[in-house]
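Report on one structure; see the data block that follows.
Both ligands and their constituent atoms are indexed starting at 1 by order of listing.
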Amino acid sequence: MKVAIYGQYYQNSTEPIINDIFVFFNRNNVEMIIESHFLLMLNERKIVEKKYKTFTSHTELDSSFDMLISIGGDGTILRAATLVRDSGIPILGINAGRLGFLASVQKENISTFMQFVIDKKYTISKRALLSLTCSPPNESIEEINFAMNEITVSRKDTTSMITIDTYLNDEFLNSYWADGLIISTPTGSTGYSLSCGGPILTPDVKSLVITPIAPHNLTARPLVVPDETEIRLKVSGREENYLVSLDSRVTSIKNESILILKKTPFQIYMVEIPEETFLKTLRNKLLWGEDKRN
Ligand SMILES: NC(=O)c1ccc[n+]([C@@H]2O[C@H](COP(=O)([O-])OP(=O)(O)OC[C@H]3O[C@@H](n4cnc5c(N)ncnc54)[C@H](O)[C@@H]3O)[C@@H](O)[C@H]2O)c1
Ligand SMILES: Nc1ncnc2c1ncn2[C@@H]1O[C@H](COP(=O)(O)OP(=O)(O)OP(=O)(O)O)[C@@H](O)[C@H]1O
């Protein structure tokens, strides 16, 4: 078995996690290829001294890898998705962070979870992504033009609202007067969209959610549309530019540019360990079991 290991940060809590993973995988003859910046951090702190092979970019992650293990929070998983892209390599998230909605495996009992991995006792949860094309083209979007959570347009350098003309499959939907508009995948429905009143979708639902951010048309409400829908946006406002974000990545776009959002032809495969399902994560993170009547 061959796995890629990825993390963005080093903290004191990293050491026991790394120790648990490395001891277990070395004992079970699992080959580990470590992202080069992460390995450098581990080498500098003398957490890892043995020599390991490294990778630096998505081009080195080919079908010979069985899995990518992401050590961190949800932000780290979102970055991990930009590494695996359309390679089909499943991602397993070990939650070293705070909320850990996507990075569902808790850092305690790592060896129990890794045994599931070695015994192939896991399922794959396929996650739909959204792609963005911009006309006229925008260089910073072209490099990584997809999002696993959501694509958001929002106002920039002003308190003044923006107007977002929105078309679904070429049919006019609405002009939102708002701070912004979120187009969310099912995965992203528990992120920014939820904070703005959007519904939660289970990851396998074949839909997208269009959620306005603080709309001044008071009747504007989150809308669920089929994930085959092509969504076209045109933004205008008092400033010359507005912001577009794809998950954690942000760029500035000129007003009147045309944005086309579509489901990507590929999906991200998330590893789901038997006892760490989406529904369990939902209950735990949203504290649904805390009601005394349960
Ligand atoms: N007001 C908000 O709720 C708000 C605002 C901006 C961005 N976000 C979310 O943050 C994401 C980017 O993450 P970051 O680490 O760069 O920013 P960050 O450090 O501000 O973290 C944002 C929080 O969102 C949580 N999160 C991310 N994806 C999630 C998901 N699919 N389900 C549930 N919670 C999720 C993370 O655990 C973290 O606690 C965006 O994709 C967006 O979904 C949320
Ligand atoms: N490799 C790591 N080792 C130890 N702690 C980590 C590591 N990676 C992340 N963390 C902890 O998790 C925090 C959040 O990480 P990250 O940016 O990946 O997630 P996030 O999007 O903020 O989500 P969450 O709310 O789930 O933590 C970091 O500030 C840090 O405290």
Side-chain angles (χ1 to χ4, degrees), residues 4-22 34-35 37-45 47-48 68-83 91-108 110 125 127-130 132 144 146-155 178-203 205 208-209 211-214 222 243-251 268 270 276 278-287:
I5 308 272
Y6 175 62
Q8 294 188 85
Y9 308 108
Y10 175 83
Q11 290 199 337
N12 289 339
S13 59
T14 315
E15 187 172 354
I17 300 173
I18 290 292
N19 277 340
D20 284 357
I21 294 175
F22 279 48
I34 305 167
E35 197 272 336
H37 293 102
F38 192 49
L39 184 60
L40 201 64
M41 281 187 256
L42 301 177
N43 286 154
E44 276 167 3
R45 268 86 176 191
I47 308 299
V48 172
L68 180 143
I69 298 197
S70 160
I71 302 166
D74 293 330
T76 307
I77 297 256
L78 295 172
R79 287 277 290 272
T82 69
L83 287 173
I91 302 177
L92 173 68
I94 295 181
N95 181 25
R98 300 153 298 184
L99 186 58
F101 229 93
L102 305 171
S104 60
V105 168
Q106 300 312 312
K107 57 189 176 209
E108 299 77 29
I110 283 179
S125 168
R127 306 302 179 100
L129 310 189
L130 263 173
L132 176 65
I144 307 173
F146 60 86
M148 186 166 166
N149 268 346
E150 74 284 288
I151 296 177
T152 304
V153 296
S154 53
R155 61 186 164 84
D179 283 354
L181 190 69
I182 303 164
I183 318 294
S184 168
T185 65
T187 299
S189 69
T190 48
Y192 197 3
S193 173
L194 182 64
S195 306
C196 297
I200 296 174
L201 306 186
T202 57
V205 167
L208 301 169
V209 187
T211 309
I213 307 169
L243 290 179
V244 171
S245 66
L246 295 95
D247 296 339
S248 323
R249 308 177 303 281
V250 188
T251 190
I268 292 288
M270 295 296 296
E276 302 292 320
F278 175 78
L279 295 187
K280 186 179 166 196
T281 305
L282 202 56
R283 279 200 307 276
N284 286 347
K285 307 289 174 187
L286 301 186
L287 308 175

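For atom 40 (C) of ligand 1, a protein non-hydrogen atom is found at a distance below 4.0 Å. Counting only heavy atoms, the protein never gets under 4.0 Å from atom 18 (P) of ligand 1. Taking a distance limit of 4.0 Å, we find that atom 35 (C) of ligand 1 is approached by some protein heavy atom. Protein heavy atoms are found inside the 4.0 Å sphere centred on atom 32 (N) of ligand 1. Per-atom contact check: atom 23 (C) of ligand 1 does not touch the protein, criterion being a heavy-atom distance below 4.0 Å.
Residues T187 and M270 fail the side-chain proximity criterion, which asks for heavy atoms closer than 4.5 Å. Between V48 and F38 there is no side-chain heavy-atom pair separated by less than 4.5 Å. The shortest distance between side-chain heavy atoms of L246 and I144 does not fall below 4.5 Å.
Scanning the protein for heavy atoms near atom 21 (O) of ligand 2, the closest one is G75 N, 2.8 Å. At the shortest separation from atom 13 (C) of ligand 2 among protein heavy atoms lies G97 CA, 3.9 Å. In terms of protein heavy-atom proximity, atom 8 (N) of ligand 2 is nearest to G72 CA, 3.2 Å. Distance from atom 14 (C) of ligand 2 to its nearest protein heavy atom, with residue and atom name: R98 NH2, 3.9 Å. Here the protein heavy atom with the shortest distance to atom 31 (O) of ligand 2 is Q11 OE1, 3.0 Å. For atom 3 (N) of ligand 2, the closest heavy atom belonging to the protein is T14 OG1, 2.6 Å. The protein atom (non-hydrogen) at minimum distance from atom 11 (C) of ligand 2 is A96 O, 3.3 Å. In terms of protein heavy atoms, atom 1 (N) of ligand 2 is closest to Y9 O, 2.9 Å.
Closest non-hydrogen pair, S193 versus T211, comes out as OG-OG1, 2.9 Å. Closest heavy-atom contact between R45 and Y10: NE-CD2, 3.4 Å. Closest heavy-atom contact between K285 and G100: CE-O, 3.3 Å. When all heavy atoms of C196 and I182 are compared, the closest pair comes out as SG-CD1, 3.8 Å. Nearest heavy-atom pair across L78 and M148 is CD2-CB, 4.1 Å. Shortest non-hydrogen contact noted between G72 and T76 is CA-OG1, 3.8 Å.
With hydrogens and angles disregarded, a donor-acceptor distance shorter than 3.5 Å links the side chain of S189 to the backbone of L201. Formation of a donor-acceptor pair under 3.5 Å by the D179 side chain with backbone atoms of S154 is not found in this model. Judged by distance alone, with hydrogens and angles left aside, the side-chain atoms of D247 form no donor-acceptor pair with the main-chain N or O of A147 at under 3.5 Å. Using a distance-only test at 3.5 Å, with no hydrogens or angles considered, no donor-acceptor pair links the side chain of T185 to the main chain of E150. D74 places a side-chain N or O within donor-acceptor distance of the main-chain N or O of L102, the cut-off being under 3.5 Å. Here the side chain of S184 pairs no donor or acceptor atom with the backbone of V209 at under 3.5 angstrom.
The closest non-hydrogen atom to atom 15 (O) of ligand 1, taken over G73, G75, G188, G191, comes from G75. The heavy atom nearest to atom 26 (N) of ligand 1, out of those in D74, D247, T281, N149, is found in D74. Nearest-residue assignment for atom 42 (C) of ligand 1 (options E150, Q8, R98, M148; heavy-atom criterion): E150.
Proximity to I71 (heavy-atom distance under 4.0 Å) selects the following atoms of ligand 2: 1 (N), 8 (N). Residue contact check: S248 has heavy atoms under 4.0 Å from atoms 12 (C), 13 (O), 14 (P), 16 (O) of ligand 1. Short contacts between ligand 2 and S13, defined as distances under 4.0 Å to a heavy atom of the residue, involve ligand atoms 4 (C), 5 (N). In the vicinity of S195, heavy-atom distances shorter than 4.0 Å reach the ligand 1 atoms 1 (N), 2 (C), 3 (O). Near T76, meaning under 4.0 Å from one of its heavy atoms, ligand 2 places the atoms 16 (P), 18 (O). Taking every non-hydrogen atom of G100 and a distance limit under 4.0 Å, the qualifying atoms of ligand 2 come out as 26 (O). Contact atoms of ligand 1 toward L102: 31 (N) (distance under 4.0 Å to a heavy atom of the residue).
Residue G7 places every heavy atom at 4.0 Å or more from ligand 2.
If you look at L194 next to ligand 1, there are no close heavy atoms at all, none under 4.0 Å. Residue contacts with ligand 1, taken as heavy atom pairs separated by less than 4.0 Å, involve T190 via backbone and side-chain atoms alike. Contact annotation: for Y192 versus ligand 1, heavy atoms closer than 4.0 Å belong to both the backbone and the side chain.
The line from CD1 of I71 to CD of Q11 is 13.0 Å long, rounded to the nearest 0.5 Å. Atom CD1 of residue I91 and atom CZ of residue R79 lie 12.5 Å apart, to the nearest 0.5 angstrom.
Of the N or O atoms in G73, one or more lie within a sub-3.5 Å distance of an N or O in ligand 2. Where the criterion is an N or O separation shorter than 3.5 Å, residue side chain and backbone included, N95 fails it with respect to ligand 2.
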